[in-house]
Amino acid sequence: MVEDQKQLDKFLAIKEALPKLEAIVVWGRDDASAAESAAVPVHSWKAFLDLGKVVYDADLDARMNAQKPGHCSHFIYTSG
């Protein structure tokens with residue numbers, strides 16, 4: 001997740017160094033066309049939320065029940 005186009009550009013500049021990067025969400029934009037030419041999907045915040053509309057509750061429950069300690073994703077937030 002990145003805040004705006006400036007932060008998105010930073011990640012797109014180093015995407016080759018991030019081989020496990022699957023997608024980028026830009027929460028400071030409302031349009032879904034944040035970066036059509038990126039090597040990974042780039043979603044606006046609204047488009048990211050819309051992805052959840054096609055997930056069945058049973059699938060979500062199965063994923064949550066399969067989680068164990070140590071099975072986590074990473075979210076790094078810095079305030080400055």
Side-chain angles (χ1 to χ4, degrees):
M1 300 183 118
V2 297
E3 180 180 8
D4 54 22
Q5 185 68 43
K6 180 179 176 182
Q7 299 304 318
L8 174 62
D9 291 342
K10 289 179 185 180
F11 276 92
L12 294 178
I14 63 165
K15 66 183 175 284
E16 291 80 20
L18 305 167
K20 294 186 179 185
L21 181 65
E22 294 184 24
I24 299 173
V25 178
V26 184
W27 73 69
R29 295 182 69 137
D30 289 330
D31 64 323
S33 61
E36 290 90 13
S37 63
V40 297
V42 176
H43 306 287
S44 68
W45 181 249
K46 182 185 178 319
F48 175 66
L49 293 178
D50 288 345
L51 292 174
K53 292 180 180 178
V54 297
V55 176
Y56 296 103
D57 287 344
D59 294 337
L60 181 58
D61 289 339
R63 285 182 180 221
M64 291 189 320
N65 291 332
Q67 292 179 0
K68 304 286 184 243
H71 292 176
C72 61
S73 63
H74 299 283
F75 181 75
I76 300 170
Y77 173 79
T78 61
S79 61

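Applying the side chain to side chain contact (heavy atoms under 4.5 Å, CB included) rule to Leu49 yields the partners Trp45; only residues at least two apart in sequence or on another chain are considered.
A pairwise comparison of heavy atoms in Pro41 and Glu22 identifies CD-O, 3.1 Å as the closest pair. In plain terms, the two heavy atoms of Gln7 and Val2 that are nearest each other are CB-CB, 3.7 Å.
Pairs passing the side-chain hydrogen bond (donor to acceptor under 3.5 Å, both in side chains) check and including a residue from residues 48-63, sequence neighbours excluded, read Lys46-Asp50, Asp50-Lys53.
Under the 4.5 Å side-chain heavy-atom criterion for grouping Ile, Leu, Val, Met, Phe, Trp and Tyr, Ile14 is connected to Leu12 within one hydrophobic cluster.
Within a 6.0 Å radius of CD in Glu16, other residues, nucleotides and ligands contribute more than 12 heavy atoms.
Within the 4.5 Å cutoff, no side-chain heavy atoms of Lys15 are placed close to those of Val40.
With values rounded to the nearest 0.5 angstrom, Leu60 atom CG is found 9.5 Å from Asn65 atom CG.
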